[in-house]
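One structure below.
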Amino acid sequence: MADRSLYDFSRLYGNEAIKAALIRAAETGRVAHAYLLEGVGGSGKTTLAFLFSAALCCESDDAKPCMRCPSCRKILRAQSPDLCTLGLDALPFADAEDGAETAPAKARSIGVDAVRLLKSDVYIRPNDLDRKLYIIGHAERMTVQAQNALLKILEEPPEGAVFFLLCENRAALLPTVLSRVQRLTMESFPDETLFSLLCTHDREAASLARREEETLRLFVRLADGAFGRASAYVHAQKKALRDDLSYDAHEGAAQLLDQLFSDLGSDDSPLLSGTAEHPRPTRTGLLASLSGRIDPKKDGAEARERLRALIDALCAAIRDLTMCAQGAGGQLLFYPTRTQPETLAARCSARTLSDTFRALTALRAELAANPNVGMLQMTLSGILIGLRI
Ligand SMILES: [Zn+2]
């Protein structure tokens, strides 16, 4: 018992190093005045910020946060005047029955006025909790002005106030801001670890694994090592995936697949492959459409992100085709109805579908290491044309 910590962050899976660092800080009273939690969406940044905030103010003498004492409850529902949140998508521990406000629509940017409001609040002493707490989601959406306003606060932090800046990529933050915060990077789980975490902790994921293991594996691959994202795919399936697959990626994938099968006509009136009006698709033709859609020269750093989203959309489409080819039930992720994927699936062998899926996921992994988007597009067009061989 003696060496057991009073603090317990086991509600957040993995991330043992970060949890240990925060527990040490809480135990020794050396809590930083600002933390930057960096990680992809669904990696647990918001969960951790709320758990740590609650732990710092928890009234229990047992495991902190107890999740039940008045302080914990108010913090977890974001219902204390001493806790300010900005730019959060959702509150991880509030459910509908709490009557907690649902998160406001995502703001594209966090402006200087919002940060000035924080500034007017930050030097007022807490009157409800032991501390003043500030949780800023999507910190990378802060304008430069907003970041500079925040910097002024971070340079003279009021006693006992703790800021949590949550971001996907710290590159968008000013170096001066970064120098004032303690940076913590959320763990990205390897696919196998994420798969077993989901099967252990998420009942619906476990059930999906029994019914359609491949679908759960697809969700894992698309989740970038983030438990929350994979779990959202499991629970909201099509909706969550569509929300993540931008319109641009969805439309791009649909167009490429249309082009790929354009010479085949419909089931009712099959065309002879490669008429003058509908020439047989070529790798060069696909590549031309791809680079027309994503131009590595023009789109710069964004080109890689957009290509990743396009590959994700194609993975989801190929997964649907595979399910249709196998005559399997279950929800489709990419196509709105079964008509089109069933027609297309009839024209691909199960073997080429699974080869294509594997090649797409390998290409997706390569995207992280290879910055040459033009080269990756060439590989992608080759993978797609393989569906027609
Ligand atoms: Zn408590």
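These figures come from a predicted structure and were not determined experimentally. Each ligand, and each atom within it, is numbered from 1 in the order the structure gives.
Geometry at the Zn ion (ligand 1): SG/Cys72 and SG/Cys58 form an angle of 110°, nearest 10 degrees. Seen from the Zn ion (ligand 1), atom SG of Cys69 and atom SG of Cys66 lie 110° apart in angle, a value rounded to 10°.
Here the options are Leu178, Val181, Val144, the test is side chain to side chain contact (heavy atoms under 4.5 Å, CB included), and the partner is Leu173; only Leu178 passes.
With respect to Lys19 and Glu16, a salt bridge is recorded, a charged nitrogen being found less than 4.0 Å from a carboxylate O.
Relative orientation of the Phe164 and Tyr35 rings is parallel, given thresholds of 30° and 60° on the angle between their planes. Between Tyr13 and Phe227, the ring-plane angle classifies as perpendicular under the 30° and 60° cut-offs.
When distances to the Zn ion (ligand 1) are checked against a cut-off of 2.8 Å, Cys57 contributes no N, O or S atom below that limit.
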